[in-house]
Protein chains: 2
Amino acid sequence: MNPSPLDTRDPLTATILALFRANGHMLRWGDHFAQPFDLTSARWQMLGALAASPLPLTAPQMAIQMGVSRQGALKQLNLLLDDGLVERHPNPYHKRSPLYRLSASGLERYQRIDAAWSRHADQVRADFDLEALNTTLHVLKKIQERHPTQEDEGEAA
Amino acid sequence: MNPSPLDTRDPLTATILALFRANGHMLRWGDHFAQPFDLTSARWQMLGALAASPLPLTAPQMAIQMGVSRQGALKQLNLLLDDGLVERHPNPYHKRSPLYRLSASGLERYQRIDAAWSRHADQVRADFDLEALNTTLHVLKKIQERHPTQEDEGEAA
DNA sequence: TACAGGATGACATCTGGTTGTCAATCTTTT
DNA sequence: AAAAGATTGACAACCAGATGTCATCCTGTA
């Protein structure tokens, strides 16, 4: 782990650069972790978001929940639909925008990978200070808040 | 900022999910920020890595430095070459693997966007606790360390 | 009830990144 | 010196996501 010239910059810049690197790293790690379950990082996350929701969701709701574009979420949903991991149900309130939820096999798939992740996380979490994790969480959110993008307009607290 | 069901999970998982979201968010923000300079987040980062290096670098060196795949770095370098922001120089030690460094216009371009970023960062940094930033930096690195991928093999401290 | 404007899904295109293959070039070993 | 093995760049295929356009559906308002 060489210090790398990037670390010599101001702490804010260094943190944001570390964020990019950590993201790439974890996506790669996640792809390998998810591979035995026939999933990718993206699909795993998508299944997780659906599993966490008590109600079926529309595509735009998924997009907001995941912080991803509407069309991005839709794309993944359609792929998951092709794989039979997700079910589409008619939305009584909107003819064009159906509701999505996990199918039986999607739920089973998610539960399996989530159990494996939990076992892994239990191990890894021991190496982290709870306070440090909370600080990190807070800083990441704040970095986001301080860098609004177009679609963030009109999001007062 | 609704708490979102994801935050109810364990702090490690929540932090990693926040990492993904923050990454996507900052890439989008960066693309907009860099647009007036005719750059993207990716190219800005690449120019920054070259600007930070005292010596010209080969493509694989760039890849390692940026935590990206060899072919990924190469792709961007070739695009930057097409744009004339980067120069390729023969490598006396390796006929196939040339050295890259910023061209005059690449340096100028980078200096302009970096000045703008510095002004922005000065503002934003005021909202952050130095200690919290350092903690975040540390946690992000540690998350990486605890999730080795294939190419991490053989990287003892 | 009509109509204007916003939300939505399909489709296409683009950026950025990984992975695999192959030939060319080092590098190491014998 | 020769052969075996590792690096490297070009090329191609692919995944994930953003963005733009368009037709369709929904909503609110005149």
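Just so we're on the same page: letters track the sequence lines, and every chain starts at 1.
The residue among Leu74(A) and Arg28(A) whose nearest nucleotide of DNA chain C lies closer to the 5′ end is Leu74(A). Summary of the strand contacts: Met46(A) and Pro98(B) both lie near DNA chain D, and taking for each the nucleotide with the nearest heavy atom, the more 5' one is attributed to Pro98(B).
When the side-chain nitrogen and oxygen atoms of Ser69(A) are compared with OP1 and OP2 of dA18(D), one or more of them lie within a distance under 4.0 Å. For dA10(D), the OP1/OP2 oxygens have a side-chain nitrogen or oxygen of Asn78(B) closer than 4.0 Å.
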Per-nt protein contacts along nucleotides 20-29 of chain D (heavy atom under 4.0 Å; B base, S backbone sugar-phosphate only, - none) come out as B--BBSSS--
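The interatomic distance linking Asp31(B) (CG) with dG17(D) (C1') rounds to 11 Å, in whole Å. For the pair Lys75(A) NZ and dC15(D) P, the computed distance is 10 Å after rounding to whole Å. Between the P atom of dT8(D) and the CZ atom of Arg88(B) lies a distance of 16 Å, rounded to the nearest Å. For the pair Phe20(B) CZ and dA18(D) C1', the interatomic distance rounds to 19 Å; values are reported in whole Å. One atom, CG of Leu99(B), and another, C1' of dG9(D), lie 14 Å apart when rounded to the nearest Å.
In this structure, Lys141(B) contributes its side chain and Thr136(B) its backbone to no donor-acceptor pair below 3.5 Å. Of the possible polar contacts, none joining the Asn91(B) side chain to the Leu99(B) backbone as a donor-acceptor pair under 3.5 Å is found. Formation of a donor-acceptor pair under 3.5 Å by the Asp31(B) side chain with backbone atoms of Ser41(B) is found in this model. With His120(B) contributing its side chain and Ala116(B) its backbone, the two residues share no donor-acceptor pair below 3.5 Å. A distance-only check finds no donor-acceptor pair linking the side chain of Gln76(B) to the backbone of Ala73(B) [under 3.5 Å]. Judged by distance alone, the side chain of Ser69(A) and the main-chain N or O of Gly72(A) form a donor-acceptor pair under 3.5 Å.
Remark: Arg125(A) engages Asp10(B) in a salt bridge, criterion side-chain N to carboxylate O under 4.0 Å.
Here the closest heavy-atom approach between residue Trp44(A) and residue Ala34(A) is recorded as CE3-CB, 4.3 Å.
Within residues 79-86 of chain A, no residue is approached by DNA chain C to less than 4.0 Å at the level of any non-hydrogen atom. Taking every heavy atom of residues 33-43 of chain B and every atom of DNA chain C, pairs under 4.0 Å involve Thr40(B), Ala42(B), Arg43(B), by number.
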Assess the residue pair Met62(A) and Tyr100(A) against the criterion (side chain to side chain contact (heavy atoms under 4.5 Å, CB included)); give the C-alpha distance rounded to whole Å, side-chain angles, the decisive distance to 0.1 Å, and a yes or no. CA-CA 9 Å; Met62(A) 286 290 296; Tyr100(A) 296 88; 5.7 Å; no
What verdict does the salt bridge (charged side-chain N to carboxylate O under 4.0 Å, His left out) test give for Asp127(B) and Lys142(A), after you've listed the backbone C-alpha separation in whole Å, the side-chain angles of each residue and the deciding distance to 0.1 Å? CA-CA 9 Å; Asp127(B) 291 342; Lys142(A) 200 159 160 184; over 6 Å; no
His94(A) vs Thr58(A), test: side chain to side chain contact (heavy atoms under 4.5 Å, CB included). Steps then yes/no. CA-CA 10 Å; His94(A) 200 308; Thr58(A) 66; over 6 Å; no
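Here the range on DNA chain C touched by chain B, meaning any atom under 4.0 Å from one of its heavy atoms, is dG16(C) to dC26(C).
For His25(B), there are no ring-ring contact (aromatic ring centres under 6.0 Å, His included) partners, not counting sequence neighbours.
Ring pair Phe33(B)/Phe37(B) is tilted by interplanar angle, where 30° to 60° counts as tilted.
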Side chains of residues 81-89 of chain B: which donor-acceptor pairs under 3.5 Å do they make with residues two or more places apart or in other chains?
{"unit_1": "Asp83(B)", "atom_1": "OD2", "unit_2": "Arg43(B)", "atom_2": "NH1", "d": "2.5"}
{"unit_1": "Glu87(B)", "atom_1": "OE1", "unit_2": "His89(B)", "atom_2": "NE2", "d": "3.0"}
{"unit_1": "Glu87(B)", "atom_1": "OE1", "unit_2": "Arg101(B)", "atom_2": "NE", "d": "3.4"}
{"unit_1": "His89(B)", "atom_1": "NE2", "unit_2": "Arg101(B)", "atom_2": "NE", "d": "3.2"}

